[in-house]
Amino acid sequence: MHFRSTHAKLPLVSYKEAALNCLPFDDGLYVPDQAADFKQFFLHMNEKTSFNELVAAVAPSLLEGGVNPVSASNVAKSAYNFSPELIKLDDNISLLNLYNGPTGVFKDYGIAFMSAMMEEFMKDGRKAMILAAARPDTGVSMAHAFRGRKGVSLVLLYPSGQLRGLDSSSFVQNGGNIIPIQIRGTFDDCQRLVMETLKDREFTERYNVTSANTMNPGRLFPQVFYYLYAFIQLKSSLSGDLIFSVPCGNFGNLIAGLYAWKFGMPVNGFISAMNANSSMGEYFLGKPFIPKPLVFTNSPALDVSFPINYDRLVSFYDEAPAVMRNMVFPASVSDEQTLAAMEQVYKKYGIYIDPHAAVAYAAAQKISGERKWGAHSHTVILATGHPARSANLVEKATGKEIEIPEFLKELWKKCDPIALIHPQLDAFESAIVSCF
Ligand SMILES: *Cc1c(COP(=O)(O)O)cnc(C)c1O
């Protein structure tokens with residue numbers, strides 16, 4: 001598969017180049033130039049196919065053009081020791097559990113594949129620096145995936161506040177490859193410093209820098225695997241429309257689903273589930289996108305006012321606006337409705353869901369009431385976070401105290417960065433120069 005910038009038709013780059021450079025020179029984002037075709041795979045796969053078998057089969061065609069098939073199958077083998085689980089609630093609704101990974105969030109899926117792929121790319125003897133703006137949860141996911149990967153170091157830029165969940169034995173001064181640095185500032189300052197660094201071509205070439213945030217197609221595209229997995233699990237029992245309901249923050253997850261569709265997965269619609277931060281909803285209905293000020297809600301991973309993947313969404317809509325309006329259905333869910341959905345799913349099915357999955361569940365109820373998809377339609381709710389990560393809210397919604405698994409307790413342990421700096425490129429370079 002080859003990639004181009006959202007701003008220009010040329011030049012085309014391979015998956016490998018897109019992942020290693022992360023951003024095109026013209027300030028766009030990388031998108032596939034031509035769709036891959038995954039249809040052939042569906043014929044031979046069914047509910048007995050494991051996630052790892054699916055990834056091993058599909059990864060070579062995703063990576064084609066930059067990676068030989070042997071390397072692609074190495075990547076597939078080393079990426080995942082965890083797998084999604086499709087839980088059928090009833091004939092019309094399933095949960096796709098995507099929180100089975102090492103840090104309890106669906107982001108583990110994109111990051112794990114990217115880290116395995118970067119290690120494979122660096123087998124030519126080069127070294128790469130992966131630079132990423134980190135929130136406490138995403139930082140942990142990235143540190144976990146990149147830890148011990150050969151040829152790559154991971155620099156995490158954290159905003160002010162307590163760091164948690166990192167294991168100092170993986171830090172660079174202890175012989176590891178993880179470099180947590182704290183910025184005097186906010187998450188936006190971290191993001192700005194990442195962008196400034198990536199756009200400084202001299203700097204990126206000197207240190208061979210790329211990013212593990214979702215602007216990197218190397219992290220975004222592996223997310224199509226779990227949509228395909230849900231589809232092959234369901235395909236023999238489907239007799240009506242198939243809908244995915246996706247909780248949306250930076251819209252990477254929804255875009256991965258749209259690509260799964262573009263690459264040949266039969267699907268009838270996507271629900272873009274948002275909390276009060278729902279400005280993109282207007283855009284999906286054909287109006288201009290006007291970002292509104294950020295609102296803090298009880299589904300914090302969806303608290304985004306300007307999504308990083310905006311340009312990628314626009315590239316979909318520019319191609320076929322009328323088709324897209326019949327494919328993506330936006331819904332906005334309040335904090336009260338989120339809690340009510342958590343309660344309802346527990347009472348009806350005996351299952352705990354986190355607030356992000358609850359937004360997707362409540363949004364699906366709203367939209368299917370309006371759209372009339374028919375008695376045989378099936379909706380897959382993407383459960384993106386482990387419910388125990390939001391134990392307080394689960395308790396508030398269901399009245400039940402839930403057990404916190406040991407691995408999540410580890411993620412709450414306090415830790416310290418290796419440096420504290422102002423958000424400026426020269427300060428950043430002095431902090432990392434001794435690490436490389
Ligand atoms: C990051 C995150 C989301 C939002 O995903 P996007 O790809 O940014 O839209 C949803 N749920 C959870 C639990 C998350 O951590």
Side-chain angles (χ1 to χ4, degrees), residues 29 84 95-114 132-142 144-145 165 187 191 211-217 219-227 244-260 270-281 283-284 294 297-313 316 328 330-333 338 341-342 352-363 380-391 393-394 408 411:
L29 291 173
L95 282 182
L96 183 63
N97 168 348
L98 296 175
Y99 55 77
N100 279 347
T103 68
V105 280
F106 85 102
K107 296 183 174 74
D108 286 332
Y109 283 90
I111 293 168
F113 190 86
M114 184 185 168
R135 297 182 200 269
D137 59 340
T138 51
V140 167
S141 301
M142 289 188 258
H144 207 284
F187 182 75
Q191 200 115 275
S211 173
N213 293 120
T214 51
M215 65 228 182
N216 192 329
R219 170 172 161 192
L220 181 69
F221 283 86
Q223 291 181 204
V224 304
F225 298 145
Y226 52 74
Y227 283 96
F244 284 92
S245 185
V246 187
C248 295
N250 275 311
F251 288 80
N253 204 356
L254 179 72
I255 289 186
L258 292 174
Y259 278 112
F270 291 91
I271 295 167
S272 168
M274 293 165 283
N275 61 25
N277 296 286
S278 60
S279 314
M280 280 306 295
Y283 179 82
F284 293 137
L294 192 65
T297 72
N298 62 11
S299 45
L302 315 184
D303 295 348
V304 175
S305 75
F306 193 101
I308 295 179
N309 285 295
Y310 176 74
D311 279 357
R312 284 196 177 105
L313 278 171
F316 261 96
V328 179
S332 167
V333 172
T338 303
M342 292 167 79
Y352 296 115
I353 56 171
D354 96 320
H356 307 92
V359 168
Y361 183 87
V380 178
I381 308 291
L382 267 54
T384 48
H386 196 298
R389 294 173 74 247
S390 315
L393 271 188
V394 171
L408 284 181
L411 304 184

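Since the model is a prediction, treat every value here as computed from it, not as a measurement. Atoms within each ligand, like the ligands themselves, are counted from 1 in listed order. The chain is numbered in sequence order, starting from 1.
The pair Arg389-Asp137 meets the salt-bridge criterion, with a side-chain N (NZ, NE, NH1 or NH2) lying under 4.0 Å from an Asp/Glu carboxylate O.
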Where does ligand 1 get N/O contacts under 3.5 Å from the protein, atom by atom?
unit_1, atom_1, unit_2, atom_2, d
ligand 1, 7 (O), Gly252, N, 3.2
ligand 1, 7 (O), Asn253, N, 2.9
ligand 1, 8 (O), Asn250, N, 2.8
ligand 1, 9 (O), Gly249, N, 2.8
ligand 1, 9 (O), Asn250, N, 3.2
ligand 1, 9 (O), Phe251, N, 2.9
ligand 1, 11 (N), Thr384, OG1, 2.7
ligand 1, 15 (O), Lys107, NZ, 2.5

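Using cut-offs of 30° and 60° for the angle between ring planes, the Tyr109 and Tyr226 rings count as perpendicular.
Between Asn309 and Asn250, the side chains place no donor N or O within less than 3.5 Å of an acceptor N or O (distance only, hydrogens not considered). Of the N and O atoms on the side chains of Thr297 and Asp303, at least one donor lies less than 3.5 Å from an acceptor on the other residue.
Ser279 is linked by a side chain to side chain contact (heavy atoms under 4.5 Å, CB included) to Phe289, Lys292, counting only residues two or more places apart in sequence or in another chain.
Cation-pi geometry between Arg135 and Phe187 is satisfied (NZ or CZ under 6.0 Å from the ring centre, within 45° of the ring normal).
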